[in-house]
Amino acid sequence: MCPRQERDSSDEDLEMSDTDEADDQRYDPASVEQKWQQVWADLDPFRAADDSPREKRYALTMFPYPSGDLHMGHAEVFALHDVAARYWWLRGYEVLNPMGFDSFGLNAENAAIRDNEHPATFTYANIAISTESCKKFGTSFDWSRTLNTSDPEYYRWTQWLFLKFRERGLAYRKESPVNWCPVDQTVLANEQVIDGHCERCGAEVTKRELTQWYFKITEYAQELLDNLDVLAPTWPDRVINAQRNWIGRSEGAHVTFEVVDGEPLTVYTTRPDTLFGATFMVVAADAHLAAQLVTDEQRPAYDAYLEEVRKASDIERLSTERPKTGVFLGRYAVNPVNGEQIPIWAADYVLPDYGTGAIMAVPAQDQRDWEFAQKFDLPIVRTVQPPADWEGEAYVGPGPAVNSANDEISLDGMEVDEAKTAIIGWLEQQRAGTGAVNFRLRDWLLSRQRYWGAPIPIVHCAKCGEVPVPEDQLPVLLPELRGADLTPRGVSPLAAAEDWVNVDCPSCGGPAKRDSDTMDTFVDSSWYFLRYCSPHETDRAFDTDLVNAWGPCDVYIGGVEHAVLHLLYARFFTMVLNDMGLVGFREPFSAQLNQGTVINEGAKMSKSKGNGVRLGEQLAAFGVDAVRLTLVFAGPPEDDIDWADMSPTGSVRFLQRAWRLSGDVTSPVGADASGGDVELRRATAHAVHEAGELVEGFRFNVMIARVMELVNATRKAIDSGCGPADPAVREAAEAVAIMLSLVAPYTAEEMWSRLGHEPTVARTSWPSVDPDLLVESSVTAVVQVQGKVKARLEVSPDIAASELEALALAEPAVARAIEGREVRRVIVREPSLVNVVV
RNA sequence: GCCGGGUUGGUGGAAUGGCAGACACUGCGCACUCAAAAUGCGUUGCCCUCACGGGCGUGUGGGUUCGACUCCCACACCCGGCACCA
């Protein structure tokens with residue numbers, strides 16, 4: 001009979017009623033949660049001290065948009081994030097772990113229009129609810145540093161940063177065709193257009209010619225790309241890859257073609273080696289260049305074509321299946337290598353805002369040009385020799401150059417790379433071209449024609465032009481508008497607020513108008529992690545010394561949907577702020593982790609599918625700790641979690657099992673474990689050691705498995721081993737409580753208290769490990785024959801190779817397996833393996 | 001089309017050159033119970049065998065190695081990024 005059963009039955013016999021006995025074997029999450037929330041509120045254990053002598057760590061989670069209460073997705077990120085943050089506290093770091101809200105944006109604005117309210121009403125109500133839920137969820141955020149991007153104290157500095165960027169020439173206005181969402185009635189950045197649809201509302205995006213504000217992110221394209229190599233080891237592959245593809249660097253050349261009776265035309269090409277095969281030119285139909293080049297004779301045809309192009313949606317235009325269209329502009333360019341006059345066409349397969357908006361067409365080596373040449377009967381000259389069995393059209397593979405010589409230079413016979421170098425050299429010599437690099441990345445369009453955002457702090461004066469609002473007049477506060485005032489009309493609602501928009505020019509004092517656009521909310525979120533370091537600063541955006549003390553963020557956890565948007569913008573901001581001397585580093589996030597999505601029954605949760613899982617219901621049913629544990633134990637953090645495959649009841653069971661250990665310990669607080677049961681002490685030491693390494697590698701699910709193993713080992717020790725009084729049992733139970741506090745703070749706190757300690761377990765220390773206990777007294781050696789396991793031996797870890805070999809060969813199973821065969825070789829990897837080759 | 005990642009039991013997942021399936025979930029069996037719940041114990045990759053034991057097995061096909069889930073080559077499928085970007 002095991003000791004535990006004895007104890008339980010005697011307790012019951014003596015004094016306990018049925019309910020008391022039940023209380024002793026399980027705890028009620030709801031009442032425990034309430035109790036500890038109060039204790040934590042009083043102790044405030046996670047307030048980050050700027051002046052702490054401890055080494056600093058910065059744990060950051062992408063701050064949420066306050067669209068309502070928290071959902072399963074938030075729960076997952078917070079649970080994962082909390083493991084790292086709490087671990088660092090236990091390892092003796094001073095941890096900055098702030099939380100705030102990305103509280104400008106269209107959701108609140110649309111809700112305000114619907115309910116005839118002010119967006120702030122909706123926003124701040126949701127912030128209050130979410131904050132409360134966050135606290136109940138047991139997160140270790142430092143709420144003394146919270147911020148909302150819609151607070152004037154915050155957006156004042158968003159505006160200030162805009163002005164600083166403008167001073168440096170990094171914020172500018174230009175007129176160009178922009179992405180327009182007809183439903184949200186606002187322009188969109190390229191990053192917000194997904195397959196021709198609005199990222200937010202799904203409407204088909206159209207083009208409009210508008211004057212808009214841009215950030216010159218392209219100036220940093222090369223560094224944004226280069227630094228990805230440095231970040232690659234600590235950032236997820238898919239984010240690195242997505243950013244590389246988005247930046248889209250290519251190498252080639254600019255080549256200038258003289259134009260008969262016109263200004264010279266420069267094109268960008270990645271294949272300058274094929275220049276001898278350029279048989280015509282194509283200019284983007286909707287580029288100003290095309291309108292300049294077209295001859296009077298061809299103008300009617302061009303105008304008609306342009307009309308057609310403008311009507312086509314982006315969706316149509318993006319299709320590669322679409323037949324080529326175009327119109328001859330009536331003008332000829334001169335190919336610099338052979339002096340041939342080649343026609344200049346306009347077409348919509350050339351984009352106005354990439355490269356120079358014009359190309360040299362080499363149909364023999366480019367499929368698009370091939371199709372165009374076929375359709376309009378233009379000549380095709382091969383300049384790369386395709387393989388003998390080539391049956392395709394344009395040939396883009398490797399091969400020797402042909403038909404590529406003039407009096408001064410011959411590329412014939414050269415392979416592609418060699419030919420590129422040679423022709424660029426020649427072009428540079430002739431001053432007809434130069435090697436060039438191009439990026440797919442475009443400048444960041446930041447103006448939005450909506451209300452609920454930070455107003456752009458510029459005044460437009462007929463006399464003085466663009467005038468920045470003087471810094472001492474910041475913030476430019478939003479006018480009080482609500483309900484129907486906010487209805488989208490194609491211009492910003494701010495433009496209609498007469499009292500607000502009409503101002504005296506700060507420069508000349510004459511009548512002027514405020515810029516009525518607001519900033520993209522991605523501007524707000526590009527610097528919030530810096531503000532957290534000194535959130536109450538009133539005379540500057542942030543304290544540079546504190547930013548440098550805390551930053552860069554040691555880990556940034558969030559959704560992969562921000563792989564190119566927010567993460568690229570925040571990197572750009574940091575580089576600019578570093579150039580301004582305001583930040584001491586160039587990359588804001590040293591390590592990054594993307595959590596997966598919580599789905600249900602194989603599909604994304606949605607109202608229409610009716611497969612939504614409500615966080616509140618799960619928490620009520622299983623308790624906060626069990627839900628957190630389930631989310632963290634489900635698998636690697638970056639994998640999706642199908643809630644239907646999970647077992648929160650299994651988590652409840654485990655937590656109760658762990659908690660029960662704390663009630664079984666009978667040795668006093670502070671009992672010296674050194675004389676305790678060695679086997680259990682080894683198990684504890686291993687679990688603690690491995691759990692630490694696993695947390696550092698973000699392998700939280702495996703860390704929990706190690707804690708489960710320790711709970712199982714401790715249970716066994718109590719019931720059928722050394723018994724509950726052995727100090728090793730206390731040591732193990734305390735280690736379980738501490739490690740469990742990373743995931744299940746309430747259960748851990750209960751355990752810690754029942755083990756006789758004062759709160760809080762979250763601010764005690766990670767258990768120390770005696771290295772001697774990590775050394776095994778014996779190991780299991782595996783004996784293989786032909787790589788197949790035939791026997792296992794318990795041997796000393798420092799066994800000699802010869803001894804191990806002799807023991808292995810003496811095994812009956814081994815002898816049987818090699819019987820009648822010649823032993824050719826014996827591989828010995830003492831102390832764990834012997835492989836006999838026959 | 002180009003770039004990146006992946007594919008392991010009934011399920012989620014462990015193992016990154018040395019015992020495949022840790023830890024869980026589910027299922028099955030047992031104990032406790034009048035019964036159920038809860039809890040505990042055992043068992044749970046597939047096939048052959050009463051059993052002892054043996055064979056097979058990490059998407060597919062090859063290769064390297066004494067030894068491969070792990071490294072290399074090719075292919076299939078799934079997921080993600082880019083895409084008329086010259």
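In the text below, chain A, chain B and the rest are named by the order of the sequence lines, each starting its count at 1.
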### Task
Residues of residues 690-709 of chain A with any non-hydrogen atom less than 4.0 angstrom from an atom of RNA chain B: list those, numerically ordered, please.
R699(A), N701(A), A705(A), M708(A), E709(A)
### Summary
Here the residues of residues 636-649 of chain A within 4.0 Å heavy-atom distance, strictly under, of RNA chain B are P636(A), D639(A), D645(A), M646(A), S647(A)
### Under 4.0 Å protein heavy-atom contacts per nucleotide of nucleotides 67-74 of chain B, with B for base, S for backbone only and - for none
S-------
Report yes if at least one side-chain N or O of [X] is closer than 4.0 Å to OP1 or OP2 of [N]; otherwise report no.
{"X": "R657(A)", "N": "rG40(B)", "value": "yes"}
{"X": "N245(A)", "N": "rG80(B)", "value": "no"}
{"X": "Y349(A)", "N": "rA86(B)", "value": "no"}
{"X": "R238(A)", "N": "rG6(B)", "value": "no"}

### Task
Tell which nucleotide pairs with rA83(B), taking only Watson-Crick or G-U wobble pairs whose two distances are both under 3.5 angstrom.
none
### Message
Strictly by Watson-Crick or wobble contacts shorter than 3.5 Å, is anything paired with rC41(B), and which nucleotide is it?
### Response
rG29(B)
### Message
Output the rounded distance in Å from CD1 (I342(A)) to P (rA86(B)).
### Response
19 Å
### Message
Using whole Å, what does the distance between atom C1' of nucleotide rC19(B) and atom CZ of R829(A) come to?
### Response
16 Å
#### Entry: Short side-chain to backbone donor-acceptor contact, N701(A) and V632(A), under 3.5 Å
no
### Query
Is a side-chain N or O of E76(A) found less than 3.5 angstrom from the main chain of L631(A), in a donor-acceptor match?
no
Of the listed nucleotides ([options]), which one gets closest to any side-chain atom of [X]?
{"X": "I827(A)", "options": "rG18(B), rA86(B), rC23(B)", "result": "rG18(B)"}
{"X": "I359(A)", "options": "rA86(B), rC19(B), rC82(B)", "result": "rA86(B)"}
{"X": "T780(A)", "options": "rC84(B), rC66(B), rC19(B)", "result": "rC19(B)"}
{"X": "N241(A)", "options": "rG4(B), rA24(B), rA86(B)", "result": "rG4(B)"}
{"X": "V789(A)", "options": "rA20(B), rC66(B), rG12(B)", "result": "rA20(B)"}
{"X": "R653(A)", "options": "rG18(B), rU39(B), rC56(B)", "result": "rU39(B)"}

### Message
Ignoring hydrogens and geometry beyond distance, is a side-chain donor-acceptor pair present between N712(A) and R657(A) at under 3.5 Å?
### Response
yes
### Message
Just by distance, no angles: are the side chains of S651(A) and T630(A) close enough, under 3.5 Å, to form a donor-acceptor pair?
### Response
yes
Classify the nucleic acid contact of [X] as base, sugar-phosphate or nothing, counting any heavy atom under 4.0 Å across all strands shown.
{"X": "N712(A)", "answer": "sugar-phosphate"}
{"X": "F654(A)", "answer": "nothing"}
{"X": "T269(A)", "answer": "sugar-phosphate"}
{"X": "R824(A)", "answer": "nothing"}
{"X": "S250(A)", "answer": "sugar-phosphate"}

Which value, in whole Å, describes the distance between the [atom1] atoms of nucleotides [N] and [M]?
{"N": "rA14(B)", "M": "rC25(B)", "atom1": "C1'", "answer": "15 Å"}
{"N": "rA83(B)", "M": "rG1(B)", "atom1": "C1'", "answer": "8 Å"}
{"N": "rC72(B)", "M": "rA24(B)", "atom1": "P", "answer": "34 Å"}
{"N": "rA37(B)", "M": "rG29(B)", "atom1": "P", "answer": "13 Å"}

### Message
To the nearest 0.5 Å, what is the distance between CZ on F372(A) and OH on Y349(A)?
### Response
5.5 Å
### Query
Using 4.0 Å as the upper bound for N to carboxylate O, is an ion pair formed by D237(A) and R244(A)?
no
### Message
Strictly below 4.0 Å, N to O, side chains only: are R271(A) and D369(A) in salt-bridge contact?
### Response
no
Any non-hydrogen side-chain atom of [X] less than 4.5 Å from a side-chain atom of [Y]?
{"X": "I359(A)", "Y": "T269(A)", "answer": "no"}
{"X": "L224(A)", "Y": "Q243(A)", "answer": "no"}
{"X": "V779(A)", "Y": "V795(A)", "answer": "yes"}
{"X": "V381(A)", "Y": "F276(A)", "answer": "no"}
{"X": "L655(A)", "Y": "L740(A)", "answer": "yes"}

### Query
Should rG9(B) be called syn or anti, with syn set as within 90° of 0?
syn
### Query
Between the base of rC3(B) and the side chain of R244(A), is there a donor-acceptor distance below 3.5 Å?
no
### Message
Please tell me whether Y395(A) and W390(A) form a close aromatic pair, meaning their ring centres lie under 6.0 Å apart.
### Response
yes
## Note on the structure
Note: for D237(A) and G248(A) on RNA chain B, the residue whose nearest nucleotide lies more 5' is D237(A)
### Message
Reading RNA chain B from 5' onward, which residue's closest nucleotide shows up sooner: V836(A) or S832(A)?
### Response
S832(A)
### Query
So, for I799(A) and P831(A), which heavy atoms are closest and what is the spacing to 0.1 Å?
CG2-CB, 3.8 Å
